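Worksheet: one structure, shown below.
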Amino acid sequence: MKKPIIWGPLKKFIEDTNIHEIIVDSAEDSIICNQGGTRKGPKFKPAELMKLAQCLMQYAPDPKATQAEILLPGHILVAIVMPPIAPAGPFLRIWKIPQKTITLEQMVEWGVMSKQQKDYIKNLMQTVQSLIVAGSAGSGKITLLNTLINCLPEDSHLVTIEQYADLSIQRSRTVRFIAPHHKAEELVDLVDLASRARGDYLVLNSAQGAEILPFIELLREGHQGIMSLSGENVFDVLKRLEYKVSAHAPWMSLEDIRFIITKAFGHIVFQTRENDGKRKLSHLARLELVDGEIKVNPVKL
């Protein structure tokens with residue numbers, strides 16, 4: 001029987017609904033994150049942190065492993081790295097998957113996007129158009145993705161493809177396909193399932209590799225959808241996407257890959273994390289193929 005988790009110095013932050021992420025680099029160094037930015041977190045006694053990490057590892061597929069990603073009750077996703085890989089003591093990244101709906105209007109209030117950007121994006125979702133949602137590490141792109149999903153017309157049938165159950169969907173007419181062992185290679189089969197689920201709108205969360213080409217082909221067949229990706233900036237995201245497709249489709253030329261990307265996705269939305277920890281929608285652009293190159297055309301508002 002698994003022991004209950006004693007969060008110790010993190011207890012009040014786990015219970016605080018305004019806190020969405022906690023990073024523990026060592027017993028002496030932790031970070032607390034919310035929509036307003038980041039701040040220094042509490043300290044642990046080394047033995048106390050080790051006890052918490054060992055307790056969390058009970059929920060891992062292999063409790064004796066030195067690293068794991070675990071989905072806990074209460075929609076809490078935890079990444080753990082144990083010694084000797086982390087010589088300063090256990091590393092923890094705790095992400096509380098949002099369960100309350102965040103609206104585009106709230107994002108305007110928080111300064112994430114302008115009212116003009118909000119109106120444009122809302123129209124994209126209401127008219128069920130395909131786009132890429134991207135962002136740098138810690139930029140809040142999953143929160144943005146959740147918000148966009150919940151802007152879809154109520155009568156649209158939504159199908160999601162997820163490596164982890166880290167979306168928070170507050171709508172009916174939705175079916176979610178989640179990788180049973182949270183492995184990237186399982187996503188290909190989920191895309192195949194999605195092709196038979198009669199979805200009006202498909203979502204590929206955190207695109208990894210082999211599943212990207214069949215997902216793009218579904219969009220080119222007439223489905224609409226969103227794919228989320230990570231990258232340093234818009235151009236890095238597109239280069240990473242080209243590489244991911246070419247790695248699993250070596251028979252395709254670069255121009256062919258760029259062609260199918262621009263045929264599948266009409267827009268890209270990119271969110272960044274500023275130096276002060278605040279999130280900002282930095283790019284909203286149309287994608288177009290011009291002379292064999294993907295041209296990024298900023299939307300003029």
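For clarity, every value in this text was computed on a predicted model and none was experimentally measured. All residue numbers in this chain count up from 1 along the given sequence.
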Criterion side chain to side chain contact (heavy atoms under 4.5 Å, CB included) on Leu144 and Arg279, from CA distance to verdict: CA-CA 10 Å; Leu144 175 60; Arg279 276 67 174 173; over 6 Å; no

So, Arg173 and Glu154, do they make that salt bridge, N to O below 4.0 Å? no

Mind checking what makes ring pair (Phe, Tyr, Trp, His ring centres under 6.0 Å) contact with Phe235, not counting sequence neighbours? none

Any Glu48 side-chain heavy atom under 4.5 Å of Pro9 side chain: yes

Decide whether Ile212 and Val203 are clustered together by the hydrophobic rule: side chain heavy atoms of Ile, Leu, Val, Met, Phe, Trp, Tyr closer than 4.5 Å, transitively. no

Name all residues meeting the side-chain contact (heavy atoms from CB on, under 4.5 Å) criterion together with Pro63; count only those two or more places apart in sequence or in a different chain, and write none if there are none. none

Heavy atoms of Ser114 and Val108 approach each other most closely as O-CG2, 3.8 Å

Residues 238-262 vs ring-ring contact (aromatic ring centres under 6.0 Å, His included), sequence neighbours excluded, gives none

Suppose we screen for side-chain contact (heavy atoms from CB on, under 4.5 Å). Which residues come up paired with Glu255, at least two apart in sequence or across chains? Ser253

Residues two or more places apart in sequence or in another chain: which of them pass side-chain contact (heavy atoms from CB on, under 4.5 Å) with Asp291? none

Is it true that Leu229 and Ile226 fall in one hydrophobic cluster, defined by side-chain heavy atoms closer than 4.5 Å? no

Contact between Met252 and Ile260 at the side-chain level, heavy atoms closer than 4.5 Å - yes or no? yes

Which atoms form the tightest heavy-atom contact between Leu158 and Arg171, and what is the distance? CB-NH1, 3.4 Å

What's the separation between atom CE in Met107 and atom CD in Gln271, rounded to the nearest 0.5 Å? 5.5 Å

Which pairs with one or both residues in residues 194-218 pass ring-ring contact (aromatic ring centres under 6.0 Å, His included), sequence neighbours excluded? none

Does some side-chain heavy atom of Ile6 sit less than 4.5 Å from a side-chain heavy atom of Cys55? no

Under the criterion side chain to side chain donor-acceptor pair (under 3.5 Å), I'd like the reasoning laid out for Ser26 against Glu28: C-alpha separation, chi angles, the key distance, then a yes or no. CA-CA 5 Å; Ser26 67; Glu28 293 289 320; over 6 Å; no

May I have the step-by-step check of side chain to side chain contact (heavy atoms under 4.5 Å, CB included) for Phe177 and Glu162, ending in yes or no? CA-CA 6 Å; Phe177 295 142; Glu162 306 169 57; over 6 Å; no

Non-hydrogen atoms of Ala27 and Lys45 that approach each other most closely: CB-C, 4.3 Å

Who pairs with Tyr164 by ring pair (Phe, Tyr, Trp, His ring centres under 6.0 Å), at least two apart in sequence or on another chain? His182

Nearest heavy-atom neighbours spanning Ser228 and Ser206: OG-N, 2.6 Å

Just verifying a value: how many Å separate Lys141 NZ and Leu145 CG, rounded to the nearest 0.5 Å? 10.0 Å

What's the separation between atom NZ in Lys278 and atom CZ in Arg273, rounded to the nearest 0.5 Å? 13.0 Å

If only atom types and distance count, is the side chain of Ser195 paired as donor or acceptor with the main-chain N or O of Leu193 below 3.5 Å? no

Each residue besides Leu72 in its hydrophobic cluster should be listed here, by chain and number; the cluster joins Ile, Leu, Val, Met, Phe, Trp and Tyr at side-chain heavy-atom distances under 4.5 Å. Ile5, Trp7, Leu10, Phe13, Ile14, Ile19, Ile22, Val24, Ile32, Phe44, Leu49, Met50, Leu52, Leu56, Met57, Tyr59, Ile70, Ile76, Val78, Ile80, Met82, Leu92, Ile94

Within the 4.5 Å heavy-atom criterion, are Leu241 and Ile132 side-chain neighbours or not? yes

Classify the side-chain pair Glu274/Thr272 by whether it contains a donor and acceptor separated by less than 3.5 Å. yes

Taking the side chain as every heavy atom from C-beta outward, state whether Leu152 and Asp200 have any pair of such atoms under 4.5 Å apart. no

Give the cluster check for Leu187 versus Ile149: same hydrophobic cluster or not, with ILVMFWY residues linked at side-chain heavy-atom distances below 4.5 Å. no

Please examine the side chains of His283 and Pro298, heavy atoms only from C-beta on, and report whether any two atoms are closer than 4.5 Å. no

Checking one residue: Ile31. Which other hydrophobic residues are in its cluster under the side-chain 4.5 Å linking rule? Ile23, Val81, Ile85, Phe91

Between His223 and Val159, is there a side-chain heavy-atom distance shorter than 4.5 Å? no

In the single-linkage hydrophobic clustering (I, L, V, M, F, W, Y; side-chain heavy atoms under 4.5 Å), do Val188 and Val245 co-cluster? no

If you compare all heavy atoms of Ala264 against all heavy atoms of Ser130, which two are closest, and at what distance to 0.1 Å? O-CB, 3.2 Å

If we count only N and O atoms by modelled type, under 3.5 Å, do the side chains of Glu232 and Ser136 hold a donor and an acceptor together? no

Determine the sole option in Leu289, Asp256, Ile268, Ile294 for which the side chain to side chain contact (heavy atoms under 4.5 Å, CB included) test with Ile261 is passed. Ile294

Distance-only, no hydrogens or angles: does the Arg220 side chain make a donor-acceptor pair with backbone N or O of Lys263 under 3.5 Å? no

Using side chain to side chain contact (heavy atoms under 4.5 Å, CB included), reason through Asn150 and Ile169 one step at a time and then give a plain yes or no. CA-CA 7 Å; Asn150 290 314; Ile169 301 172; 4.2 Å; yes

Besides Val290, the hydrophobic cluster formed by Ile, Leu, Val, Met, Phe, Trp and Tyr side chains linked at under 4.5 Å, directly or via other members, contains none

Is any NZ, NE, NH1 or NH2 atom of the basic residue among Glu105 and Lys122 found under 4.0 Å from an Asp or Glu carboxylate oxygen of the other? yes

Going by side chain to side chain donor-acceptor pair (under 3.5 Å), name the residues that satisfy it together with Asp189, two or more places apart in sequence or in a different chain. none

Check: Arg39 and Asn34 side chains under 4.5 Å, non-hydrogen atoms: yes

Transitive ILVMFWY side-chain link Phe265 to Val237, under 4.5 Å: yes

Criterion side chain to side chain contact (heavy atoms under 4.5 Å, CB included) on Asn146 and Ile102, from CA distance to verdict: CA-CA 8 Å; Asn146 281 327; Ile102 294 173; over 6 Å; no

Among residues at least two apart in sequence or on other chains, which ones pass side-chain contact (heavy atoms from CB on, under 4.5 Å) with Leu301? Gln116, Gln117, Tyr120, Leu284, Val299

What distance separates Met227 CE from Leu131 CG, expressed to the nearest 0.5 Å? 10.0 Å

Atom CG in Leu167, atom OG1 in Thr143: separation rounded to 0.5 Å? 10.0 Å

Salt bridge between Lys12 and Asp16, side-chain N to carboxylate O under 4.0 Å? no

Measure from the side-chain N and O atoms of Gln126 to the backbone N and O of Leu124, and report whether any donor-acceptor pair falls under 3.5 Å. no

Smallest separation among heavy atoms of Val296 and Ala285, with atom names: CG1-CB, 3.4 Å

His267 NE2 to Asn297 CG distance, which is reported to the nearest 0.5 Å: 9.5 Å

